[in-house]
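As a basis for the values below, the full set of heavy atoms in this structure was taken, side chains included, without hydrogen atoms, waters or symmetry mates. Read the numbers this way: they start at 1 and go in the same order the structure lists the ligands and their atoms.
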Amino acid sequence: MIREINFDGIVGPSHNYAGLSLGNLAATRHAGETSYPRAAALQGLEKMRANMALGLAQGFFVPLPRPNTDWLTAMGANATIDPRLTAAAWSASSMWTANAATVSPATDAADGRCHLTPANLVTMPHRGMEWPDTMAQLKLAFADPEHFTIHDPVPPSFGDEGAANHGRLCDAHGAPGVELFVYGRPGGKFPARQHEQASRAIARLHQLDPERTVFIEQNPAAIEAGAFHNDVVSVANERVLFTHAQAFADQQGTYDAIRAKFPALEVVEVPADSVSLAEAIKTYLFNAQLLSLPGEGGGGEMALVVPLESWESAPVRTWLEGMLAGNGPIRRVIPVDVRQSMANGGGPACLRLRVVADPQTVDPRFLLDDAKADRMAAVIAAHWPESIAPAQVGDAELAKRIITARFELLDALGLQELG
Ligand code: SUG
């Protein structure tokens, strides 16, 4: 059965706050703080468990090998040369799997296969080193060539940040969709990480019908306000686009362009006088998982999995309560604690990559169930460092511990070949 599977990134044992992402205000604000990798990974796991308990299909990707000593060697560097290079090699940023790849389901592609393009993530050095190891994992998880095609990343001249700038509207996940590609125009004070040409290349490579794709420019003011990815200001699910009123360069033009190709569009727009762009970005209201609940219990209802930071904000809470009191398509709000990831600018939606496919066609080692979640939790509790202070980044003993922790997880999951 074709369904949406959310693949969350397990937070790696090297999770730390080095403030590496210019334009990501949360990461900048928390730079230099002590991180808590064990708590971070357990928070992520709890989010996965809660979504599974709603009857949703859940997958995961394992942390990439860190510290990335090959990258440091390629830079002619070692742990003492430049703390920023060391921090880049230690980053656990692959946890944000919304940036792992862009995914087009089989129903949208001319050849009837699900297409995946790993994101080159070239704008940020600590992220640009992710794709080869991400690709190795995608090739294992989606190895079945009858159902999946995995492309090379688009050429590095054109920045691509994956599904964080991509959305899909459809009547049901298994039905053909209209795919949305959101890009930024460079020239502002913060980098526009998604290049229009990268988006267009992916649409072509994925064999999408031009009649069912829409290219949209991000509002430059949103990038300036800290929306370094579009999923910080909007999210789509089935026929609903949940968006801040200032997400796109031409807001009404965007709705019109989508409606021309997907007439059933339902826009749930949050006006700036209810929640300002700054408050939306601080609380990550739109970095929510907008989920269609399955079966009789859910009855096709949509739920919004928001970070606790949203629920705790007075203006956001007021808006959400007003929404629930009305009769819009989003019927439930589920706050989750992913504070450790949030402090680096990654909310519930950043932590997952959506793949619409039949779970039977995916390597089962990447699919979660309760027993596996228990095994993961035990490994995390036993091996993930409790905390990492900034001065510890680069420490040789800690590096050994981080490497061992990851191997223990790979062992527990039968994924030693990723070692
Ligand atoms: O790329 N943070 C990530 C957050 C990614 C969020 N993803 C989505 N919006 N889909 C980034 O800016 C901070 C790491 C550091 O500074 O150490 C970081 O990479």
Side-chain angles (χ1 to χ4, degrees), residues 6-9 11-12 14-35 37 40 44 61 63-64 66-68 83-103 119-131 134 159-167 182 184 190-194 218 222-223 225-236 244 247 280-290 307 338-354 388-390 392-394:
N6 281 278
F7 288 82
D8 281 41
V11 180
S14 66
H15 160 63
N16 70 89
Y17 297 123
L20 297 174
S21 280
L22 176 67
N24 172 340
L25 303 184
T28 305
R29 198 163 52 241
H30 293 278
E33 288 181 9
T34 294
S35 65
F61 296 127
L64 304 187
R66 295 289 176 270
N68 188 345
R84 290 186 65 81
L85 292 179
T86 305
W90 277 58
S91 176
S93 53
S94 68
M95 72 176 82
W96 300 296
T97 52
N99 307 116
T102 305
V103 186
N120 62 30
L121 294 167
V122 287
T123 305
M124 298 291 161
H126 68 292
R127 305 225 58 186
M129 68 177 83
E130 285 175 32
W131 73 261
T134 296
D160 173 32
E161 303 267 328
N165 299 300
H166 175 254
V182 187
F190 293 143
R193 297 207 213 171
Q194 183 72 33
Q218 228 186 326
I223 302 178
F228 55 95
H229 291 139
N230 177 66
D231 67 359
V232 174
V233 282
S234 80
V235 59
H244 192 271
I281 289 163
K282 198 167 108 215
T283 62
Y284 266 40
L285 166 62
F286 298 94
N287 201 259
Q289 286 188 263
L290 183 53
V338 287
R339 288 192 199 278
Q340 281 292 307
S341 167
M342 282 285 287
N344 248 340
C350 299
L351 286 162
R352 61 92 177 96
L353 181 68
R354 291 182 284 188
I388 299 184
Q392 289 177 281
V393 173

Original post:
Got an N/O contact under 3.5 Å between Ser93 and ligand 1?
Top reply: no
Original post:
How close do Ala349 and Ala98 get, heavy atom to heavy atom, and via which atoms?
Top reply: O-CB, 3.5 Å
Subject >> Least distance between heavy atoms, Ser234 atom then Phe286 atom >> reply: N-CB, 3.5 Å
Original post:
Taking distance alone, with no angle check, do Ser91 and ligand 1 share an N/O pair under 3.5 Å?
Top reply: no
Original post:
How far is atom 10 (N) of ligand 1 from its nearest protein heavy atom, and which residue and atom is that?
Top reply: Asp231 OD2, 2.8 Å
**OP:** Could you tell me the residue and atom name of the protein heavy atom closest to atom 17 (O) of ligand 1, and the distance to it rounded to 0.1 Å?
**Re:** Ala18 N, 3.5 Å
**OP:** Work out which heavy atom in His126 is nearest to a heavy atom in Ser21; give both atom names and the distance.
**Re:** CE1-OG, 3.2 Å
**OP:** Please could you name the atoms of ligand 1 that Ala164 approaches to less than 4.0 Å, counting only its heavy atoms?
**Re:** 10 (N)
Original post:
What residues, two or more places apart in sequence or in another chain, satisfy side chain to side chain contact (heavy atoms under 4.5 Å, CB included) together with Ala227?
Top reply: Gln218, Ala222, Val232, Val233, Ile281
Original post:
So is His126 close enough to ligand 1, meaning a heavy atom under 4.0 angstrom away?
Top reply: yes
**OP:** Measure the shortest side-chain to side-chain distance between Trp90 and Leu20 over non-hydrogen atoms and say whether it is less than 4.5 angstrom.
**Re:** no
Original post:
Parallel, tilted or perpendicular: which fits the ring planes of Phe61 and Phe7, with parallel below 30° and perpendicular above 60°?
Top reply: parallel
Subject >> Residues forming a side chain to side chain contact (heavy atoms under 4.5 Å, CB included) with Pro191, sequence neighbours excluded >> reply: Leu22, Thr123, Met124
Original post:
Just heavy atoms, cut-off under 4.0 Å: does His15 contact ligand 1 by side chain, backbone, both, or neither?
Top reply: neither
**OP:** Would you kindly specify which portion of Leu20 sits under 4.0 Å from ligand 1, judged on non-hydrogen atoms: side chain, backbone, both or neither?
**Re:** both
**OP:** State the atoms of ligand 1, each with its element, that fall below the 4.0 Å cut-off from a heavy-atom position in Arg193.
**Re:** 1 (O), 11 (C), 12 (O)
Original post:
Which ligand 1 atoms are under 4.0 Å away from a heavy-atom of Ala98?
Top reply: 10 (N)
Subject >> Side chain proximity check, Trp96 to His229, heavy atoms < 4.5 angstrom >> reply: no
Original post:
Using heavy atoms and a threshold below 4.0 Å, how should the contact between Phe228 and ligand 1 be classified: side chain, backbone, both, or neither?
Top reply: side chain
**OP:** Mark up the atoms of ligand 1 that fall under 4.0 Å of a heavy atom belonging to Asn24, in ascending order.
**Re:** 2 (N), 3 (C), 4 (C), 11 (C), 12 (O)
Original post:
So, for Val338 and Gly347, which heavy atoms are closest and what is the spacing to 0.1 Å?
Top reply: CG2-C, 4.4 Å
**OP:** Quick one: look up the protein heavy atom nearest atom 8 (C) of ligand 1 and list residue, atom name and how far away it is.
**Re:** Cys350 SG, 2.8 Å
Original post:
Under a heavy-atom criterion of less than 4.0 Å, does Arg127 contact ligand 1?
Top reply: yes
Original post:
Quick check: does Asn344 get an N/O under 3.5 Å from an N/O on ligand 1?
Top reply: yes
**OP:** Any atoms of ligand 1 less than 4.0 Å from a non-hydrogen atom of Gly19? List them with their elements.
**Re:** 15 (C), 16 (O), 17 (O)
**OP:** Evaluate the side-chain proximity of Pro390 to Asn16: yes if any heavy-atom separation is below 4.5 Å, no if none is.
**Re:** no
